[in-house]
Amino acid sequence: MEKKKLISICLAFAVFFIIVMLPNPDGLPIAGQRALAILALAVILWVTEAVSYAVSAALIIVLITVFIGLAPTIEDPSVIYTSQGALKIALGGFSSSAVGLVAGALFIAAAMEITGLHKRLALFIMSKVGTKTSSLVFGTIVVSIILALFVPSATARAGTIIPILMGIVAAFSLPKTSRLSALLIVTAVQSISIWNIGIKTAAAQNMVALGFMEQSFGSNITWGQWLLYAGPWSIIMSVILFFVMNKLIKPEIGELQGGKEIISAQLKELGKISSKEIRLIIISLVLLVLWATEGILHPFDSTTVTIAAVAFMLFPGIGIFTWKEVESKIPWGTIIVFAVGISLGTVLLQTHGASWLSQETLEAVGLTSMPLIFIIMVLTLFNILIHLGFASATSLSSAFIPIVIALVMSMEPTSFNGPGLVLIQQFAVSFGFLLPVSAPQNMLAYGTGAFTTKDLLKSGIPITIAGYILIIIFSLTYWQWVGLL
């Protein structure tokens, strides 16, 4: 394994230096060529997972600082960026409001974990849906939707639902490799991916795209607008998921006798609801209302209200946790990777590397001259296929969305809403339905041994096809009606 990682690292640097040393093509600034070289290195490291994402982030910062720093500026080729100027660009992602929202979301996920509220909420819903296996599938989907509203982390949601589902299976003396286990766990991860698309704050990769769109188009998509655009798609996909899962994976038993009692017993083990849980419920509901009414009842954006909620949760006496309690539960590496991903995309856009790559690939095949629906069909299919190589939707968004933005900007003025086309491609970035490596929540679930790659693929193929067709249908109808396109 170590040898394989070493080969991947050597390959990444070899590709990087080859691109840097190649003759500078017409229309591509030197800084843009070097930005593309950094992108190529990053993609190889991300796809092969030769180093951790946090290590790759540190490496990207160094390469931007050194190689972009020694490159001529776009505005005046007689002047170089300097390492100080390039470092500002490399660290620019940390100043993005999107990073603040992701960090705040991780604190909320930690609050759910510390208080145990997420588990109580999940068990309460499961206790109400019934004990037929089809009802448990329905309950699993409902739990994932409710948690997506309050737990802005796909991995955290998976970490909540999966142990509960495994506990239900174990309570009936079924092995973790049973068909029932596979049915429930696969339903959970597929539903999590579907609602990563439906809700703006459900996944970090959504913030990456919004950060790029804000910089390039000066547009901000509110929580409510996102739900208006993507919510109906996710609702229909949830219905499709319900029927697909019940059809494809047949459990050993059709109904769990005494299931409600077992779930109620697990709920009882949690004890009475604590004052911290009550405060967290209030904070979460207020936060949800403020997110949903952004730009309607108040002028505050999602990041501002989320950070305000975190500050309140840290407040002595009336808060949820102390800094010491929460500090160790925050994946700081995720925040660093996220910020550096935004920086890399910004470098690609500012140095014209993204626009040159778009011209040489997407525009060269005549994509810009196609009708809008064909552009969406081709881009979405390409997006889904390249996702097979990415274990992180955040890294895919960092690499792909700047190229789509460059494509849209090259087509200005357009007869359609350019940012809307970019947003649809961001929806497709979250298509992590096919393989365990397609999303972190898939890997977490796969680690339980409850299902095989074949199980995920068997459900993932029809769900991916249905999602792709639904994007086309929505692009022709609903998204035009609500002004997204």
Side-chain angles (χ1 to χ4, degrees), residues 125 137-152 154 157 187-203 205-207 209-210 213 219-246 288-296 302 372-373 375-377 379-381 383-384 387 393 397 401 404 416-433 439 459-460 462-485:
I125 295 166
V137 169
F138 174 75
T140 301
I141 294 171
V142 171
V143 168
S144 71
I145 296 170
I146 300 297
L147 289 180
L149 292 168
F150 299 105
V151 184
R157 295 199 300 278
T187 299
V189 295
Q190 301 293 34
S191 185
I192 287 168
S193 291
I194 286 170
W195 284 93
N196 278 350
I197 298 166
I199 296 172
K200 171 183 170 180
T201 49
Q205 61 264 23
N206 296 345
M207 302 305 110
L210 290 176
M213 289 170 69
S219 60
N220 176 45
I221 295 167
T222 66
W223 194 93
Q225 286 174 321
W226 186 293
L227 188 65
L228 175 69
Y229 299 146
W233 183 93
S234 291
I235 290 169
I236 295 171
M237 283 298 295
S238 295
V239 174
I240 293 170
L241 174 66
F242 175 79
F243 288 106
V244 166
M245 295 310 303
N246 281 305
L288 191 60
V289 170
L290 291 173
W291 281 341
T293 56
E294 176 189 344
I296 301 170
S302 301
L372 174 61
I373 191 61
I375 296 174
I376 291 171
M377 288 170 68
L379 280 179
T380 305
L381 183 60
N383 195 343
I384 291 168
H387 195 158
S397 191
I401 294 301
V404 179
F416 59 90
N417 180 29
L421 174 59
V422 177
L423 192 62
I424 290 169
Q425 291 313 302
Q426 176 53 35
F427 295 159
V429 162
S430 292
F431 271 45
F433 307 120
S459 65
I463 293 166
T464 299
I465 293 170
Y468 179 68
I469 292 171
L470 205 56
I471 279 182
I472 295 168
I473 293 170
F474 268 52
S475 298
L476 289 168
T477 56
Y478 178 73
W479 285 332
Q480 293 194 25
W481 301 339
V482 295
L484 178 60
L485 285 175

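As a basis for the values below, the full set of heavy atoms in this structure was taken, side chains included, without hydrogen atoms, waters or symmetry mates.
Judged by distance alone, with hydrogens and angles left aside, the side-chain atoms of Asn206 form no donor-acceptor pair with the main-chain N or O of Gln426 at under 3.5 Å. Between the side chain of Thr293 and the main chain of Ile296, no donor-acceptor pair closer than 3.5 Å is present. In this structure a side-chain-to-backbone donor-acceptor pair under 3.5 Å is missing from His387 to Ser430. In this structure a side-chain-to-backbone donor-acceptor pair under 3.5 Å is missing from Asn383 to Leu379. Under a 3.5 Å cut-off, the side chain of Ser238 and the backbone N or O of Ser234 do form a donor-acceptor pair. Between the Tyr468 side chain and the Met377 main chain, a donor and an acceptor come within less than 3.5 Å of each other. Checking side-chain atoms of Ser144 against main-chain N and O of Ile141 turns up a donor-acceptor pair under 3.5 Å. The main-chain N or O of Lys200 is never found under 3.5 Å from a side-chain atom of Trp223 such that the two would form a donor-acceptor pair.
Among all heavy-atom pairs drawn from Val244 and Pro462, the shortest one is CG1-CG, 4.1 Å. Of all heavy-atom pairs between Asn417 and Leu484, the closest is ND2-O, 3.0 Å. Between Met245 and Ser459, the closest heavy-atom pair is SD-CB, 3.7 Å. The two residues Tyr229 and Tyr478 have their closest heavy-atom pair at O-CE2, 3.9 Å. Shown here for Ala209 and Ser397, the closest heavy-atom pair between the two residues is N-OG, 3.9 Å. Between Ile199 and Ile145, the shortest heavy-atom distance links the atoms CD1-O, 4.4 Å.
Looking at heavy atoms from C-beta onward, Ile471 lies in side-chain contact with Phe431 at the 4.5 angstrom threshold. Considering only heavy atoms from C-beta on, Gln190 stays 4.5 Å or farther from Thr140 through its side chain. Counting heavy atoms from C-beta outward, Ile401 and Val422 have side chains that approach closer than 4.5 Å. Taking 4.5 Å as the limit, some side-chain heavy atom of Asn220 sits within range of a side-chain heavy atom of Glu294.
Taken from CG in Leu147 to CH2 in Trp195, the straight-line distance is 12.5 Å, to the nearest 0.5 Å. Taken to the nearest 0.5 Å, the CG atom of Leu476 stands 7.5 Å off from the CD1 atom of Ile376. In this structure, the separation between CE on Met213 and CD1 on Ile221 is 3.5 Å, given to the nearest 0.5 Å. Going from atom CD1 of Ile375 over to atom CG of Leu421 covers 6.5 Å, rounded to the nearest 0.5 Å. Between the CE atom of Met207 and the OG atom of Ser302 there is a distance of 7.0 Å, given to the nearest 0.5 Å. Here the straight-line distance linking atom CG of Leu241 with atom CD1 of Ile463 works out to 4.5 Å at 0.5 Å rounding.
Defined by atom type and a distance below 3.5 Å, a donor-acceptor pair is missing between the side-chain atoms of Thr201 and Trp226. In summary, the side chains of Thr380 and Gln425 do present a donor paired with an acceptor at a separation below 3.5 Å, with no hydrogens or angles considered.
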* Asked: How far apart are the C-alpha atoms of Phe433 and Ile194, what are their side-chain angles, what is the distance that settles it, and do they pass the side-chain contact (heavy atoms from CB on, under 4.5 Å) test?
  -> CA-CA 9 Å; Phe433 307 120; Ile194 286 170; 3.7 Å; yes
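Residue-environment remark: CZ (Phe138) stays at or below the threshold of 12 foreign heavy atoms within 6.0 Å.
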